[in-house]
Amino acid sequence: MEIKKVKRSEDYSAWYNNLVKQADLAEHSAVKGCMVIKPYGYAIWEKMQAELDKRFKDTGHQNAYFPLFIPKSFFSKEASHVDGFAKECAVVTHYRLKNGDDGQIVVDEDAKLEEELIVRPTSETIIWNTYRDWIKSHRDLPILVNQWANVVRWEMRTRLFLRTTEFLWQEGHTAHATAEEAIAETKQMLEVYADFAENILAVPVVKGVKTANERFAGALETYCIEGLMQDGKALQMGTSHFLGQNFAKAFDVKYATKENTQEYVWATSWGVSTRLMGALIMSHSDDEGLVLPPNLAPIQVVVVPILGKKEEEKQLVLDKARAITSTLKAKGIAVKLDDRDHVSPGFKFADYELKGVPVRIAIGMRDVQNETVEVARRDTKEKQVMSVVDIDTKIEHLLAAIQVNLFQKALDFRDDHIHVVNNWDEFNHALETKTGFVSAHWDGTTETELKIKELTKATIRCVPLNATAENGVCVLTGNPSTQRVLFAKAY
RNA sequence: CGGGGUGUAGCGUAGCCUGGUAUCGCGCCACAUUUGGGAUGUGGAGGUCGUAGGUUCGAAUCCUGCCACCCCGACCA
């Protein structure tokens, strides 16, 4: 395969698209807006799933599965929800095809559904319709359920992983007796997402709440984690919603309290999607290709034997390479020995760099004689010759160091790209001349937020949770404000 | 969905303006020599030129519709 080089600094979009294809993560399918996730890309998604799923289970959740289809009438039950999703729903209207007059397969008009089915864009409605039957008493609460699923949102414009018509995600849907408990759940899951993003993806995130304008359709409060990509655009990486009693009321889900009164149930929902693949790619990768954090790499270490021409030397090198491979495997490291003899070492080096493998070990005759290996790390491109003594421990430490370094690098980049401004001129100047987040005072009204969006294309990514109270004036209106919010151009 | 652009072998491309059945590189197959940063030579296979029509003796090339992708908007995880 000829490698098409696209520089990140020259055309970020082209670089991203090219990287997704070259690194064998995904490709466009025959279906508009839908992608094929290839085995290597899916392996990374599976690692994400495993890490998230463990955290969900650790916080008491169970997995379940609800239907792909939702009766249309369910959507009309929660008014703001239908407003939010109606414009992007795929609808099933018929259940049969037949042979048409001209030999073409056509939809059988006689097989029209009584009630159309919506392909889920999210599952609150079907799930809350189900919860009505599950919840009768305070003893049935809480319900802590997650589902791994595909959903469909008919977006105007799609991009590999970042926004596809069909995407994979998980959606947690919990039911609680009290508002306090539901809010605690919402916040807990936000922490789970932030922990996952920072410690597994090595992507620093800002935890915050969305403004009323950016809130999930049907939520009282939307918490989010926001990341900053290498091109300086923000990416919403996960959301956790406090839904109040909106869905309980819409679907009439009540429970009997200890005092035998009937109360509506309190709800949360939370989700992250294959968009995280996009976040991962855009946070760390470079002109040589993908850069994967060790905690997520399907292959953490690749061993490349440098095979000489003499048959006996070949065997010596291979034996040594195999020995090191099993030593690392025994330590629980995901290691691959690439002993193919028909591609050159140089080709393999470049190929595994493209695939983002964190550590490469090369072993040749020199190393066999000296009891050494050459170790190269993907993140810094540094190479060093190491003694094979305790190689497993050394590699284990190196992987941990790479994980930390990637996070630190991304964190430094993010912090360098938060621009604090205090008036409208500074605000505009920052948006025009710099990329990243702009930290500014805002008067708290949707009107101002929309006006700023119209004037600058920047949106309020979130009201950060850890911000300190600080009196100031809104950059646009001059009205009083008590806290800074983060603006940015976003994906 | 609006504006702009692109579509030729698995990948990247030339040819299109000025119509005559397609160029080059990588990859692939065979053999040999190679192997510490994308090896070299020799021989070979692979294309209904995105798709459906139209014009023409003849269409990759001209015209029309459609599809897909990219960029910029609007919408959004």
Side-chain angles (χ1 to χ4, degrees), chain A residues 1-6 11-18 21-22 24 27-35 83-89 121-122 151-171 193 210 214 216-217 222 224-227 234-241 269-279 288-289 304-310 313-314 317-318 338-354 360-370 372-374 376 381 383 385 453-454 457 459 489-491:
Chain A
M1 170 173 57
E2 175 156 19
I3 303 306
K4 186 186 164 196
K5 286 277 185 183
V6 181
D11 186 340
Y12 196 81
S13 286
W15 167 80
Y16 174 83
N17 281 312
N18 189 51
K21 285 170 204 152
Q22 299 288 355
D24 226 17
E27 61 191 23
H28 291 286
S29 73
V31 184
K32 182 182 172 68
C34 297
M35 64 179 171
D83 284 349
F85 287 106
K87 295 186 296 283
E88 53 193 45
C89 286
T122 181
V151 289
V152 167
R153 295 183 189 175
W154 215 267
E155 303 285 355
M156 300 274 182
R157 192 172 154 196
T158 59
R159 298 194 73 196
L160 290 165
F161 289 118
L162 295 174
R163 179 170 297 107
T164 47
T165 300
E166 178 191 12
F167 58 94
L168 306 183
W169 77 344
Q170 59 69 216
E171 46 182 328
Y193 286 154
K210 287 291 184 188
E214 298 271 338
F216 176 75
T222 289
C224 63
I225 51 171
E226 293 283 327
L235 181 73
Q236 179 174 305
M237 290 172 59
T239 47
S240 183
H241 314 291
S269 70
W270 28 274
V272 295
S273 71
T274 36
R275 167 177 265 200
L276 290 178
M277 292 287 292
E288 269 64 56
V304 179
I306 315 294
L307 305 164
K309 56 190 144 195
K310 291 185 205 148
E313 289 189 354
K314 237 182 219 185
V317 169
L318 267 179
D338 188 346
D339 58 2
R340 289 177 297 170
D341 200 9
H342 62 277
V343 281
S344 68
F347 177 88
K348 292 176 186 174
F349 293 174
D351 196 45
Y352 290 107
E353 276 164 16
L354 179 61
R360 180 185 73 234
I361 297 179
I363 304 168
M365 218 28 226
R366 274 203 313 259
D367 298 300
V368 172
Q369 282 155 0
N370 300 335
T372 57
V373 289
E374 182 196 77
K381 314 260 173 62
K383 288 194 280 197
V385 176
K453 183 180 179 183
E454 187 192 322
K457 307 269 186 278
T459 52
K489 289 172 185 165
Y491 276 98

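In the text below, chain A, chain B and the rest are named by the order of the sequence lines, each starting its count at 1. What you are looking at is a predicted structure, and each value in this text was computed from that prediction instead of being measured.
- When rounded to the nearest whole Å, the span between NE2 of A:His342 and P of B:U33 equals 18 Å.
- If you take CG of A:Leu354 and C1' of B:G37, they are 14 Å apart, rounded to a whole angstrom.
- With sequence neighbours excluded, the residues that form a salt bridge (charged side-chain N to carboxylate O under 4.0 Å, His left out) with A:Asp24 are A:Lys38.
- Listed nucleotides B:G36, B:G38, B:U34 differ in distance to A:Lys309; the shortest reach to its side chain belongs to B:U34.
- Following rounding to the nearest Å, A:Lys383 (NZ) and B:G36 (C1') show an atom-to-atom distance of 8 Å.
- Contacts of A:Lys314 with the nucleic acid, taken as non-hydrogen atoms under 4.0 Å apart, include base atoms.
- Rounded to an integer number of Å, the gap from A:Arg340 CZ to B:A39 P is 12 Å.
- Here A:Phe216 lies out of heavy-atom contact (under 4.0 Å) with every strand.
- Proximity note for A:Phe347 (side chain, C-beta onward) versus B:G38, B:U34, B:G36: the nearest is B:G38.
- The side chain of A:Ser344 contributes an N or O atom lying less than 4.0 Å from OP1 or OP2 of B:A39.
- Between A:Glu353 and A:Lys381, none of the side-chain N atoms (NZ, or NE/NH1/NH2) sits under 4.0 Å from a carboxylate O, so this pair counts as no salt bridge.
- Residues forming a side-chain hydrogen bond (donor to acceptor under 3.5 Å, both in side chains) with A:Thr459 (at least two apart in sequence, or on another chain): A:Arg461.
- Comparing the same atom, C1', in B:U61 and in B:U8 gives a spacing of 11 Å after rounding to whole Å.
- Across all strands shown, A:Thr459 has no heavy atoms under 4.0 Å from either base or sugar-phosphate atoms.
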**Prompt:** Taking only Watson-Crick and G-U wobble pairs with both distances under 3.5 Å, what dot-bracket line describes RNA chain B, where [ ] shows pairs that cross earlier ones and | shows pairs with another strand?
**Reply:** ((((((((.[[[..)....(...]]].((((((.....)))))).....[[[[[..)....]]]]])))))))....
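- Taking the side-chain contact (heavy atoms from CB on, under 4.5 Å) definition, one finds that A:Lys309 meets it with nothing, sequence neighbours left out.
- In the set B:G36, B:G37, B:C75, the nucleotide with an atom closest to the side chain of A:Glu353 is B:G37.
- Annotation: side-chain contact (heavy atoms from CB on, under 4.5 Å) contacts of A:Ser344 (sequence neighbours excluded): A:Phe347.
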**Prompt:** Going 5' to 3' along nucleotides 67-74 of chain B, which nucleotides have protein heavy atoms under 4.0 Å from the base (write B), which only from the sugar-phosphate (write S), and which from neither (write -)?
**Reply:** -SSSSBBB
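- Rounded to an integer number of Å, the gap from CZ of A:Phe349 to P of B:G37 is 7 Å.
- For A:Thr122, the side-chain contact (heavy atoms from CB on, under 4.5 Å) criterion is met by A:His81, A:Phe85, A:Glu124, A:Arg153, A:Trp169, A:Glu171, A:Phe216, not counting sequence neighbours.
- A:Gln170 places a side-chain N or O within donor-acceptor distance of the main-chain N or O of A:Val272, the cut-off being under 3.5 Å.
- Contacts of A:Lys210 classified as salt bridge (charged side-chain N to carboxylate O under 4.0 Å, His left out), with partners at least two apart in sequence or in another chain: A:Glu226.
- Across all strands, A:Met237 comes closer than 4.0 Å to no nucleic acid atom at all (heavy-atom distances).
- The side-chain hydrogen bond (donor to acceptor under 3.5 Å, both in side chains) test applied to A:Ser13 returns A:Arg159, not counting sequence neighbours.
- If you check every strand for non-hydrogen atoms under 4.0 Å, A:Gln236 touches sugar and phosphate atoms only.
- The pair A:Glu374-A:Arg366 fails the salt-bridge criterion, with no side-chain N (NZ, NE, NH1 or NH2) lying under 4.0 Å from an Asp/Glu carboxylate O.
- Atom-to-atom, NZ of A:Lys87 to C1' of B:C75 comes out at 7 Å; the value is rounded to the nearest Å.
- One atom, CZ of A:Arg360, and another, P of B:G38, lie 12 Å apart when rounded to the nearest Å.
- Residue contacts shown for A:Leu235 are absent, as no nucleic acid heavy atom lies under 4.0 Å away.
- When the C1' atom is used for both B:A14 and B:A22, the distance is 9 Å, rounded to whole Å.
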